[in-house]
Amino acid sequence: MITSWHTSSKEGNAMHDARALVQLGDEAVRRLARKGYTLDLPAIEELLHRRNQKIALGDELRAESKKLAASVGQAAKSGADVSELKIQARALKEQIADVSFQADQAAHELSELMLTIPNMPVDEAPDGFSEDDAVEVRRVGDVPDFGFEPKDHVDLGEALGILDLARATKLSGPRFSVTRAAGAKLERALAAFFLDLHTTEHGYTEFSVPNLVNTETMTGTGQLPKFEEDLFKTGVGSRELYLIPTAEVPLTNLHGDEIIDAETLPYAYTSHTPCYRSEAGSYGRDTRGILRLHQFSKVELVRICEAETSRDELEKMLSHAEACLRKLGLAYRVIMLAAGDTGFNSTLTYDIEVWLPSQDKYREISSVSDCGQFQARRAGIRVRDKQGRKQFAATLNGSGLPIGRTLAALLEQNQQADGSIRIPDALVPYTGFSMIKADGTPA
RNA sequence: GGUGGCGUGUCCGAGUGGCCGAAGGAGCACGCCUCGAAAGCGUGUGACGGUGCAAGCCGUCCGUGGGUUCAAAUCCCACCGCCACCGCCA
């Protein structure tokens, strides 16, 4: 029947979002202001109103059209002349097409606007817009006290012959890495160690997922439409796919457009995947080493739960990410990000920062976020409780952990005066060696 | 990439122009029966949107998008997906 504005669940969900925002009113304006976003509430109200008005009118006309069509059928059966009725019906149809078009237009406009509005931070997140405004939650582990000048992971890795950045540049350009021998083995060991830890001790289910996803998937978790420039895009013929910047994208979208039975929640998912990021707009930063690459691998954690429990789930996930560093004996701290520094998707974010001796400071190694119902709304992840009530789920994600940055921290924190590296006990079953000797050979 | 077949509700499955949101069955929920259970019987059982305090009313959805028609699950076109065989391939 002509056109329909009900078919896209993405848009339907955006509508829901709009109504929620309007209901919150000044509260929404206040909360978003803490993130540095100026919410144009009147514009949303106007679009919502216009859309609803057009839909109501369209529905009315359509009901009339259905009745008319039925009466044409009746009349034709009884042999009456229906040509007059047909002309009427056709005119009505044109009107419907016109109104539908207007409704679609308003819905699209609203949807486009809604998709660019960031998630609202919770009040618990401290004020401010930079990392300096973050609140330190705790420090864990002793910052190593070397009796010598510690080297950075590049000097260490290249001297050991386990890291080769020059050749990586030859292959692909800047911001790529090659690891070799004990270095490559170490990466594989870290990934396996993290996955085993999460699946056996923390109750996560391991997944192997696509690393190329479509536009809808990227929109579901909030990478699109706003952050396209951060992504690598591939295309063959008319087909366009994006390389995932994190396994959060495929893992969270696994349940897109589904209604989940509440009793089966929470879901705890993990996956080890490569992550691809353009790093547009970070030209001068972290140009040395393997801290910021176009491709790195990471073990990601995702939890899906009911909205009411997400705050507790966030603490659980944080502890799971922290366990990775504790077991490796790496010094780190946990901070709670300021409202204005939390990501587009997030209501509340903890960062875990690992100690990096060469920089004499803590550097981000994991970001653990409660996205509330934000992503679920975009992706259409709903929950049905025992009473049959439906609501959007809550989603959380966190790194647990990235392989490259962990490797860098491990090399730097565990270096010895002669340039050899001590392997943490927990990792030895995975590496098969407990030392990388100064000449690069495992022992 | 080629040829053929197919895409209907939680599932199976009927439906070739109006009486179809859609028969029938299964599943599930509730009720009856029963000491209890099974069987049997009865009732109910999709999503989304608009409107309303609510009951309700209205609209949309039969892979997706277009088209034909007063009227489409049903006819036409394109695309997507699935199955089978062939080709190619890690």
Side-chain angles (χ1 to χ4, degrees), chain A residues 1-23 44-111 114 208 210-217 219-220 235-241 255-264 274 373 376-393:
Chain A
M1 169 88 28
I2 326 290
T3 51
S4 165
W5 48 76
H6 306 305
T7 47
S8 163
S9 65
K10 306 291 181 217
E11 268 176 34
N13 297 341
M15 286 333 121
H16 187 104
D17 210 7
R19 184 161 294 118
L21 272 185
V22 168
Q23 254 169 25
I44 294 172
E45 277 171 349
E46 192 277 321
L47 279 170
L48 191 60
H49 178 71
R50 198 165 88 211
R51 164 187 176 272
N52 292 352
Q53 226 178 10
K54 297 298 179 188
I55 286 177
L57 179 57
D59 283 355
E60 223 172 279
L61 292 172
R62 211 173 278 105
E64 199 181 320
S65 167
K66 280 174 81 167
K67 278 187 203 131
L68 192 54
S71 69
V72 171
Q74 287 301 316
K77 205 172 285 177
S78 65
D81 177 24
V82 294
S83 55
E84 190 60 36
L85 284 172
K86 283 192 185 184
I87 291 168
Q88 244 184 71
R90 213 172 285 138
L92 193 53
K93 192 177 143 184
E94 266 171 49
Q95 247 189 90
I96 292 170
D98 188 48
V99 173
S100 295
F101 176 75
Q102 291 174 39
D104 277 345
Q105 217 174 24
H108 268 109
E109 265 178 69
L110 181 57
S111 170
M114 294 307 300
S208 176
N211 301 161
L212 286 164
V213 300
N214 60 31
T215 305
E216 287 68 45
T217 302
T219 306
V236 176
S238 60
R239 201 159 176 210
E240 285 186 344
L241 292 169
H255 293 288
D257 290 320
E258 289 184 13
I259 301 177
I260 300 166
D261 192 348
E263 284 155 58
T264 66
Q373 296 176 300
R377 207 168 255 142
R378 296 167 74 107
I381 308 170
R382 285 170 293 161
V383 182
R384 193 200 317 272
D385 64 22
K386 284 126 271 171
Q387 288 86 313
R389 288 178 305 227
K390 289 182 296 270
Q391 66 159 348
F392 287 103

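Reminder, nothing fancy here: chain letters follow the sequence lines and each chain counts from 1. The basis for the numbers below is simple: all heavy atoms, side chains too, and nothing from hydrogens, waters or symmetry mates. Keep in mind that what you see is a predicted model, and the values were worked out from it rather than measured.
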What nucleotide, of [options], holds the atom closest to the side chain of [X]?
X       : options             : result
A:Ala63 : B:C58, B:G50, B:C70 : B:C58
A:Arg19 : B:G59, B:G50, B:C48 : B:G50
A:Lys66 : B:U69, B:U60, B:A47 : B:U60
A:Arg51 : B:G49, B:C70, B:A47 : B:G49
A:Ile55 : B:U60, B:A71, B:G49 : B:G49

What distance, rounded to whole Å, do you find between the two [atom1] atoms, one in [N] and one in [M]?
N     : M     : atom1 : value
B:G27 : B:G46 : C1'   : 14 Å
B:C48 : B:U69 : P     : 35 Å
B:A55 : B:A14 : C1'   : 35 Å

Exercise. Grab the CD-C1' distance between A:Glu216 and B:G63 for me, whole Å please.
Key: 15 Å

Quiz item: Reckon A:Arg90 has a side-chain N or O less than 4.0 Å from the OP1 or OP2 of B:C70?
Solution: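 Yes, such a contact exists.
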
Quiz prompt | Watson-Crick/G-U partner (both atom distances under 3.5 Å) of B:G81 | solution =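 Result: B:C6.
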
Self-check item: Nearest-nucleotide 5' precedence on RNA chain B, A:Leu68 against A:Lys390
Solution: A:Lys390

Quiz item: Within a reach of under 6.0 Å around CD of A:Glu45, are more than 12 heavy atoms found that belong to other residues, nucleotides or ligands?
Solution: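 Enclosed.
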
